[in-house]
Number of protein chains: 2
Amino acid sequence: MDRLGEVLVVRGWIRTCRVQSTVTFIEINDGSCLSNMQCVMSSDAEGYDLVESGFITTGTSVLIEGTVVSSQGSKQKVELKVATLILIGKSDPSAYPIQKKRATREFLRTIAHLRPRTNTFGAVTRVRNALAYATHKFFQENGFVWISSPIITASDCEGAGEQFCVTTLISNAGESDCPLNSIPTTMEGNVDWSQDFFGKPAFLTVSGQLNAETYASALSDVYTFGPTFRAENSNTARHLAEFWMIEPELAFADLNDDMACATAYLQYVVKYILENCKEDMDFFNTWIEKGIINRLKDVVEKDFIQLTYSDAVKLLLKSKRKFEFPVKWGLDLQSEHERYITEIAFGGRPVIIRDYPKEIKAFYMRQNDDGKTVAAMDLLVPRVGELIGGSQREERLDYLESRLDELKLSKDSYWWYLDLRRFGSVPHAGFGLGFERLVQFATGIENIRDAIPFPRSPGSADF
Amino acid sequence: MDRLGEVLVVRGWIRTCRVQSTVTFIEINDGSCLSNMQCVMSSDAEGYDLVESGFITTGTSVLIEGTVVSSQGSKQKVELKVATLILIGKSDPSAYPIQKKRATREFLRTIAHLRPRTNTFGAVTRVRNALAYATHKFFQENGFVWISSPIITASDCEGAGEQFCVTTLISNAGESDCPLNSIPTTMEGNVDWSQDFFGKPAFLTVSGQLNAETYASALSDVYTFGPTFRAENSNTARHLAEFWMIEPELAFADLNDDMACATAYLQYVVKYILENCKEDMDFFNTWIEKGIINRLKDVVEKDFIQLTYSDAVKLLLKSKRKFEFPVKWGLDLQSEHERYITEIAFGGRPVIIRDYPKEIKAFYMRQNDDGKTVAAMDLLVPRVGELIGGSQREERLDYLESRLDELKLSKDSYWWYLDLRRFGSVPHAGFGLGFERLVQFATGIENIRDAIPFPRSPGSADF
């Protein structure tokens, strides 16, 4: 450490302050990394009266000027010998909700504005940031163009059942009281959408994929990275009403290209945080999920397993396990099945399952030659289960139209999506990844509500 | 060009195909850059029957294998001598809406799913992508942490008048018909929010700033980059109902730090596109706004002008110009005033105006010692006007509380925002930048609806 003797000014928040006979040890942190800076203060330093008056408590913000010296303690190589301590913002210890004794995650969710000041949430925030930046780096370095897919959409392509409605018809005045008779209606007594902001019902997007396909059909490789929404009434540790999605779309590509891209992407971002977030990853390894670093190293170093859905079903049947949900060709795989495959059958390695029955997959997936399956793939990882879902898209107009007919979906609603198949259609493929699932996977954080700064779920949209 | 003689496979969309006696010239583009690849085909090449049958028309997708040779033409150094041409996806010339003759921007907005296939929208998309990536690079290189501020918020901090309501009370079933009597009401005949998804009225965010402040009060420097919304009924070339915002927040920082950051940021991203998007910028310089490259170079190279609001008012009064809106200390500056200042008074240089009267600025801005102004700043650029608006935030609890009282805002609603001033408050500052305004500024595109893939405005949320 060649900064010994240097005079530094540090600004941050007090984590702990303890007086030990004539010396006061102050731990200060500014959120830039997990470690605190230990500051050692003797009674002749300027500002020592603040310590004596009891102002230097957890959460207080201060400025400290001092000299870098070798530390006597075993926890750090250097420490700051305090010359001056200046109080910036007080923090009444009897009121400050983040005290030394560990608070529960549930409690911390009720003070989401303060929880980033804890070690755990500081580390999650930094790793989340690194994963986001690595995502952009990966796609940019590989020639993908970032597209912002729309958040509000009046396109009735998506199953609206799980969509939030976006409207100015109610609560337009911003008051909590909204008399029912203030809502405009048609002669028939229905809500009059023509008077709404967009002139028709509008919703929050559940996926940017169809929009991304339009840009892939012009710029070749593109990706989205933005918020998506589900008005699903499920209060679980795996679901959020608002979450961020990454959706790359590759032109002139088939399912093999898609799987290769998903693999390369996941290995890139995991490698990135192992290399760039060492201290935070050590913290998770010690305090959140023992062994997480080795689990992630396996992801970077080992080949991913690939097998077909049909083989996965055979493997599950052969396992002689007693599963809660039935295993049968044609039924979707449940979490327990996915976890068995990746955690037990393949010992913790990521597994890509491909070629699912077309009945359990979306209309836009490309039909395989067997007429029964589609070129879909799910990437499963231990603990989290499905992390990535993707497919080759049906680029053949006639196949796509008959599939819409089979499912009784309106071809008129999809006019622009079908246009991509009418004019210079190309084989293309893509996938979607829930960013908060990735954060869970990479940090070991168990509840998805702790993987995003301000989680939204049924009954909860505070802050 | 040392790739002469190399055999290449290119995949893309036909831009033009013209037969000239025995030689056919095919221009192909895959969206990765503005330039087409010129392919020269003689009648003995494989797939020439496709040309003869009239299939190789604008918009068609093809695969071409050929050899790189020196070009006889003056427009390109090399071209591809076609060995094989394979048709991937047809494009019926009588139906394809993007023909050679230039389509209006208005028309192209009605086919937003195809417009990225034009030169202009391809170039805008690539430059938009470069600006986004440069934004992340700038903040990451300077130690800022990306935060996803919430999109849906039930926090009633913001003026709800211009907010969209997010609800599952209406159109929950995804049908267009929503009978009024299907909406749950209270005994008093008001909409019963307790039965809504979040248990109370929820809205789309108009800004992530207050949330970003909570993270800046823990991690020091942070930034948001996400969508924000305004339910403003204004159909102008400068407004969108859905747009992306960049909102950095700096801890232990004052207004000077904030202005320095805004300046450095803007210079960084402009420099980035001048260096990395040369071909697209030349296109804008020739076809969209003559002189834009020089205008942007000035931004990178010249110092920004700084002056106070009071001096700006004096300057406008001294100008003897006839403005539509009155100029008087205490009134907000209008577009015409801002454009006069940056375009005429300072000859096209960016101008930062600071210290605005507190009455025309938001409650959270820090009061200056004069008691009349706040530490706010607006960064003005030619053509676009206000590109960035920022301020030092009021970090003093007593000042902030009296300001809330003065404005009759509820302190209870702001409990968590006030907590930041109760527990280790620090001087902090930040700014907001509308990303589509930046795209307009950097490309010369006149209408903001052409600066985002799928624009949302009153009456329009298609695709």
Side-chain angles (χ1 to χ4, degrees), chain A residues 11 13 30-31 59-61 88-89 91 96 113 116-117 129 132-133 136 140 145-147 150-152 154-155 160-161 164-168 170-171 174 177-180 185 189-191 197-199 201-202 214-215 218-220 227 231 242 252 416 423-426 453-454 456 459 461 463, chain B residues 11 13 30-31 59-61 88-89 91 96 113 116-117 129 132-133 136 140 145-147 150-152 154-155 160-161 164-168 170-171 174 177-180 185 189-191 197-199 201-202 214-215 218-220 227 231 242 252 416 423-426 453-454 456 459 461 463:
Chain A
R11 296 171 184 83
W13 291 268
D30 70 355
T60 304
S61 51
I88 300 178
S91 174
Y96 190 55
H113 61 307
R117 302 182 184 193
N129 169 66
Y133 189 49
H136 287 296
Q140 296 288 336
V145 173
W146 175 71
I147 302 295
I151 311 299
I152 301 172
S155 163
F164 289 102
C165 183
V166 175
T167 181
T168 53
I170 61 177
S171 194
D177 279 352
C178 172
L180 193 69
T185 53
N190 294 318
V191 169
F197 189 89
F198 296 107
T214 69
Y215 270 71
L219 293 156
S220 292
E242 171 182 317
F252 307 101
W416 55 273
F423 306 117
S425 187
V426 300
F454 299 95
R456 271 75 182 95
F463 303 103
Chain B
R11 295 171 184 82
W13 292 269
D30 70 356
T60 304
S61 50
I88 300 178
S91 174
Y96 190 54
H113 60 308
R117 301 181 184 196
N129 170 66
Y133 189 49
H136 286 296
Q140 296 288 336
V145 173
W146 176 71
I147 301 295
I151 311 299
I152 301 172
S155 162
F164 289 102
C165 183
V166 175
T167 181
T168 53
I170 61 178
S171 195
D177 280 352
C178 173
L180 193 69
T185 52
N190 294 317
V191 169
F197 189 89
F198 296 108
T214 69
Y215 270 71
L219 293 156
S220 293
E242 171 181 317
F252 306 100
W416 54 274
F423 306 117
S425 186
V426 300
F454 299 95
R456 272 74 183 97
F463 304 101

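This one's a predicted model, so the numbers in the text were calculated from it and none came from an experiment. All chains are named by letter (A, B, ...) in the order of the sequence lines, taking the proteins before the strands, and each is independently numbered beginning at 1.
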* Look at the rings of A/Phe454 and B/Trp416 and say which category their plane angle falls in: under 30° parallel, 30 to 60° tilted, over 60° perpendicular. => tilted
* What residue, out of A/Gly89, A/Cys165, A/Ser91, has the most heavy-atom pairs lying under 4.5 Å from chain B? -> A/Cys165
* **Criterion side-chain contact (heavy atoms from CB on, under 4.5 Å) on A/Thr214 and B/Phe463, from CA distance to verdict** => CA-CA 10 Å; A/Thr214 69; B/Phe463 304 101; over 6 Å; no
* Asked: What's the shortest heavy-atom distance between A/Thr168 and B/Ala231, and which atoms?
  -> CG2-CB, 3.7 Å
* Asked: So, for A/Pro116 and B/Tyr215, which heavy atoms are closest and what is the spacing to 0.1 Å?
  -> CB-CE2, 3.5 Å
* To do: Would you mind checking which part of A/Pro179 comes under 4.5 Å of any heavy atom in chain B, side chain (CB onward), backbone (N, CA, C, O), both or neither?
  => both
* So which of A/Ala202, A/Ala461, A/Gly59 has the biggest tally of heavy-atom pairs under 4.5 Å with chain B? -> A/Ala461
* To do: Might you point out which heavy atoms bring B/Pro150 and A/Glu242 nearest each other, and give the distance in Å?
  => CA-OE2, 3.3 Å
* Between A/Trp13 (side chain) and B/Gly424 (backbone), is there a donor-acceptor pair under 3.5 Å? -> yes
* Asked: What about the rings of A/Phe164 and B/Phe198, do their centers lie closer together than 6.0 Å?
  -> yes
* Structure fact -> One should read off an interatomic distance between A/Ile170 CD1 and B/Asn190 CG, to the nearest 0.5 angstrom, of 11.5 Å
* Which atoms of B/Pro227 come close to chain A, meaning under 4.5 Å heavy atom to heavy atom: side chain ones, backbone ones, both, or neither? -> side chain
* Go through the structure and list residues passing side chain to side chain donor-acceptor pair (under 3.5 Å) with B/Thr167, not counting sequence neighbours. => B/Asp196
* Look up atom CZ in B/Arg456 and atom CZ in A/Phe197, then write down how far apart they are to the nearest 0.5 Å. => 11.5 Å
* Asked: Who pairs with B/Tyr133 by side chain to side chain donor-acceptor pair (under 3.5 Å), at least two apart in sequence or on another chain?
  -> none
* Structure fact -> Highest number of heavy-atom pairs under 4.5 Å with chain A among B/Ile147, B/Thr60, B/Val426 belongs to B/Val426
